[in-house]
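Worksheet: the structure to be examined is printed underneath.
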Amino acid sequence: MSALSTTLDGATAILTLDLPGEPVNKLNAEVKREFESALATLREDANVRAIVLISGKPDTFIAGADIEEFTRLTTLVEFERLSGEGQVLLQQLADFPKPIVVAIHGPCLGGGLELALACHYRICTDSPKTQLGLPEVQLGLLPGAGGSNRLPRLIGARAALDIILAGKSERGQKAFRLGMVDELVPVSILRSTALAAAERLAQSGIRSMVRRPKTGFMGLLLDRNPLGRRIVYAAARKQLLKKTGGHYPAPVAALEAVEVGLERGGAEGYAFERRKFAELAITDVSRKLIQIFFATNALKKDFGAGMDSVRPRTLERIGVIGSGFMGAGIAGTAVANAVVDVRLKDTELQKVGRGLKGAIDILKGRLKRRRITKQEFERLSALLSGTTDFSGFGRVDLVIEAVFEDLELKRRVLRETEAATPDTTIFATNTSTIPIAQIAAPSIRPERVLGMHFFSPVDRMPLVEVIPAPKTSAETIATVVGFGRKLGKTVIVVHDSPGFWVNRILTPYMNEAGFLVAEGTPIEQLDRTMTRFGFPVGPITLLDEVGIDVGAKAGAVMHAAFGERLTPSNVVAKMIADGRFGRKNGRGFYHYHEGERTGVDEKVYDLLGVRPKETTSPETIEQRLIYAMLNEAAMAESEAVVRSPRDGDIGAIFGIGFPPFRGGPLRMIDDLGAARVVSVLKDLASTYGSRFTPATKLVEMADSGGRYYPG
Ligand code: 3HC
């Protein structure tokens, strides 16, 4: 079966792309061949005066080049050829003697947008499903089928760099405003509008109708003038180096490609683009990012119940108990992303009011960033309501409990909820430290109880851990995993073990940071070393942000559960005794003035009785922190805390910002080789103590040459 089909409407040929057996259209080798052959036929067909290109998929235009194909290529030459072939095909569209109108609904990404940019006239729908973007840098690549050249020429350097360097997508309305498309229409008239445009263009000529975006004064100054553009490139380069820490070569190469394309033009621009595309495609960074893309996609289809036959139930109404920062965040995220009715409960009206305000603030943030319209804001706000009793809970499908971390309190809330809700209602407890089995123990319907561990702030943190209790049913797991996904989260199902996965592997890392501070390692040096490694923030900043009291509590639970290996340093206890809880009370390792961080609080060193000195090398700091985490990850994986290395690595990347270009802790062990990890751990153990004793699993892997992933 072919992907492209042609039908005639008067003198317009409608070219429909519908890749058989695939959920989305992708540009693979076969599709490219079909395009070439269709263009050759249509060029010669005297009955055809114009072409409309449209997707046969209901809600996708084209998801880009087929990323799967990239995994089969290895050399620079192969990738340069791939990019060159894409450029040549799209140039054929651009040079086609008859007008080509492209009708876009749904994702139009990467090579899909590059194809649209090569057409003569673009129409897209105003549906929220429509997104136009160039996400290549997120895969460690750059737009390699002409996009690095065509987009800046169409919409100017600044707007194009904004999209290309961040790998961003824009909704139809914004794409229209930027001049990426010529017309914006409702989906119901997409096809007819495209046909009408094709007919008009056939009569008046290709160039006659094309709308040029208004540039304005700044546009004239910065986009349409080589000196202005130089300022744009320099500013972008500076910002990029700061943001990527030099770990991600793709955005820098994309910036160069845009610059060469705009300043030197045509052939040179395209040649540079394909060479850089190939250079990036063979990097380890790109391979890692592509692995993460496929792992995340595989997770999207895995409902965690261990049985494909179990399907998630659809949830329409939820209750959230506890209207503190977590509860409000869950409520706001639920209305914003899952579009469900949310009833928020707390013990006092004032608390409920504060929680509802917190939830509405999340919606306001989206409105401000133009992610939702004023009407959507009104509609979503109306889904939120509050209560101090269980009124309205008689119809909820799921209750998420986010009260204080206290076992007896959580058990009482569970019992009260079960009395006030139907038998089918699921109860999910949000906890980071209490075993789910203990909370679930008094349940009268334990098959409908589990844990749902959110990270703070809920609306921004991308991960949720779902933790089944011993009697949780497969349907309950699948339903809650499905709901977590509706919230826009990446969800991993983890074992009910202290710290679950994310806090488990974070604990020895944070403890080690504490030991280093206690030894007099300067706080900035520690944080700087770990951001250079690739974490978004260093461990001390993280502790200030999360709350030193929260960290202390989690650390104590982990120590009690795992004994000597996870003994915390005494730093955290000293900070708490001095009333230092981190950013939230304006007193932490860092100084805060009116909410802004102003630098390390030097008094902390006096409090700890140390003099800060950079005596430990960055390499040693990095080794102590990272190897502690790798070792714990290996132990937890061998205890089946995660169901697979894939879940473990994705959990670390999305839960604590483990550097994506390193692929996750388990992948990092594979890259280093278990034998090397064991040898470094042994050295660390002989210098710093038995907490670094290598995990049994690592020693076995070192002996047998074992790996987490196929080599
Ligand atoms: N290549 C290969 N497979 C792709 C793909 C692509 N570009 N885009 C999506 N898929 C696959 C997914 O892996 C998944 O496969 P599976 O069913 O076997 O797991 C399937 O299509 C459906 O995808 P999703 O589950 O992600 O579907 P959603 O509806 O949730 O999302 C989407 C659709 C927004 C298009 C999302 O899939 C996406 O973001 N895709 C990647 C887009 C991208 O990065 N494009 C750039 C490619 S690189 C490029 O074009 C280079 C060029 O410049 C030369």
Side-chain angles (χ1 to χ4, degrees), residues 3 17 19-32 55 57-73 78-91 104-118 127-151 160 163-164 166-171 250 253-254 257-258 261 270 273-281 286-287 289-303 308 337 482 485-486 488-491 646:
L17 177 63
L19 197 60
E22 293 286 343
V24 299
N25 284 323
K26 305 174 267 192
L27 300 175
N28 60 24
E30 178 52 30
V31 169
K32 285 188 220 156
S55 164
K57 306 275 181 217
D59 285 323
T60 322
F61 178 65
I62 300 174
D66 187 346
I67 304 167
E68 199 83 59
E69 276 187 352
F70 299 170
T71 62
R72 293 193 284 272
L73 308 183
E78 285 173 322
F79 279 110
E80 195 161 342
R81 189 182 312 130
L82 181 89
S83 168
E85 284 167 2
Q87 289 179 345
V88 167
L89 173 66
L90 299 194
Q91 194 57 45
I104 303 163
H105 172 66
C108 169
L109 301 173
L113 178 58
E114 294 177 292
L115 182 143
L117 291 171
S127 155
K129 290 183 179 142
T130 296
Q131 327 155 34
L132 289 87
L134 294 171
E136 283 87 343
V137 296
Q138 292 180 13
L139 301 171
L141 302 167
L142 56 70
S148 309
N149 281 268
R150 285 203 176 91
L151 188 65
I163 292 174
I164 294 173
K168 256 203 321 198
S169 309
E170 303 290 5
R171 278 195 185 184
V258 168
Y270 287 113
E273 178 185 286
R274 54 178 185 267
R275 197 171 67 244
K276 283 286 164 188
F277 176 85
E279 283 173 11
L280 292 172
S286 175
R287 280 184 213 291
L289 297 178
I290 287 177
Q291 280 158 355
I292 293 170
F293 170 77
F294 284 119
T296 317
N297 265 330
L299 253 178
K300 278 200 234 163
K301 282 203 237 57
D302 179 350
F303 286 94
D308 283 347
N337 292 354
R485 239 165 249 155
K486 281 235 164 85
K489 306 297 179 195
T490 294
V491 185
R646 172 201 74 188

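Remember, it's 1-based here, ligands and their atoms both numbered in the order they're listed.
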*Atom indices of ligand 1 within 4.0 angstrom of G64 heavy atoms, with elements*: 50 (O)
*Heavy-atom distance from atom 18 (O) of ligand 1 to the protein below 4.0 Å?*
yes
*Any non-hydrogen atom of L141 lying under 4.0 Å from ligand 1?*
no
*Could you check if a side-chain atom of Y270 sits within less than 4.5 angstrom of a side-chain atom of R150, using non-hydrogen atoms only?*
yes
*Does the side chain of D66 reach to within under 4.5 Å of the side chain of E22, using non-hydrogen atoms?*
no
_Distance under 4.0 Å to a non-hydrogen atom of D66: what atoms of ligand 1 satisfy this?_
1 (N), 2 (C)
_side chain to side chain contact (heavy atoms under 4.5 Å, CB included), paired with E114, selected from L89, L151, L134_ = L134
*Is there a nitrogen or oxygen of G111 sitting under 3.5 Å from a nitrogen or oxygen of ligand 1?*
yes
*asked:* Against ligand 1, does P23 come closer than 4.0 Å with any heavy atom?
replied: yes
*Within a strict 4.5 Å, meaning less than it, do heavy atoms of the N25 and F61 side chains meet?*
no
*asked:* Can you confirm whether E69 sits close enough to L82 that some side-chain heavy atom of one is under 4.5 Å from a side-chain heavy atom of the other?
replied: yes
*Does ligand 1 have an atom that lies less than 4.0 angstrom from a heavy atom of G86?*
no
*asked:* Is the shortest side-chain heavy-atom distance between F303 and R485 below 4.5 Å?
replied: yes
*Could an N or O of ligand 1 be found under 3.5 Å from any N or O of A65, whether backbone or side chain?*
yes
*Side chain or backbone of K300 under 4.0 Å from ligand 1, or both, or neither, by non-hydrogen atoms?*
side chain
_Is the contact between L134 and ligand 1 made by the side chain, the backbone, both, or neither, using heavy atoms and a 4.0 Å cut-off?_
neither
*Got E80 and R275 here, is their nearest side-chain heavy-atom distance under 4.5 Å?*
yes
_Donor-acceptor check, side chain of K57 to backbone of L19, threshold 3.5 angstrom: yes or no?_
yes
*Please assess R274 against Q87 for the test side-chain hydrogen bond (donor to acceptor under 3.5 Å, both in side chains), listing each intermediate value before the final yes or no.*
CA-CA 8 Å; R274 54 178 185 267; Q87 289 179 345; 2.8 Å; yes
*S169 side chain to Q131 main-chain N or O, any donor-acceptor pair under 3.5 Å?*
no
*asked:* Tell me whether atom 52 (C) of ligand 1 lies less than 4.0 Å from at least one protein heavy-atom position.
replied: yes
*Do H105 and S127 have side-chain heavy atoms sitting under 4.5 Å apart?*
yes
*Starting from atom 5 (C) of ligand 1, find the nearest protein heavy-atom neighbour and note its residue, name and distance.*
K26 CD, 4.0 Å
_Considering non-hydrogen atoms of the protein only, which is the closest contact for atom 1 (N) of ligand 1, and what is the distance?_
I67 N, 2.8 Å
*Could you see which bit of P135 sits under 4.0 Å from ligand 1, with heavy atoms only: side chain, backbone, both or neither?*
side chain
_Within-4.5 Å side-chain heavy-atom neighbours: F294 and E68_ = yes
*Should E114 be counted as touching ligand 1, given the test is an N or O pair under 3.5 Å?*
yes
*Which residue from N297, T296, L142, L109 reaches closest to atom 13 (O) of ligand 1 through any of its heavy atoms?*
N297
*Would you kindly specify which portion of V24 sits under 4.0 Å from ligand 1, judged on non-hydrogen atoms: side chain, backbone, both or neither?*
side chain
*Minimum heavy-atom separation for S83 to F277, with atom names?*
CB-CD2, 3.7 Å
*Output the distance between atom NZ (K32) and atom CG (L90), rounded to the nearest 0.5 Å.*
9.0 Å
*Which residue from G110, P107, G147 reaches closest to atom 32 (C) of ligand 1 through any of its heavy atoms?*
P107
*With only distance considered, is E136 within less than 3.5 Å of ligand 1 through an N or O on each side?*
yes
*With a 4.0 Å heavy-atom cut-off (strictly under), which part of K301 contacts ligand 1: side chain, backbone, both or neither?*
side chain
*asked:* Any nitrogen or oxygen of P143, side chain or backbone, less than 3.5 Å from one on ligand 1?
replied: no
*For atom 37 (O) of ligand 1, what is the nearest protein heavy atom, given as residue, atom name and distance?*
F293 CZ, 4.5 Å
*Which residue supplies the protein heavy atom nearest to atom 35 (C) of ligand 1, what is that atom called, and how far is it?*
A63 CB, 3.5 Å
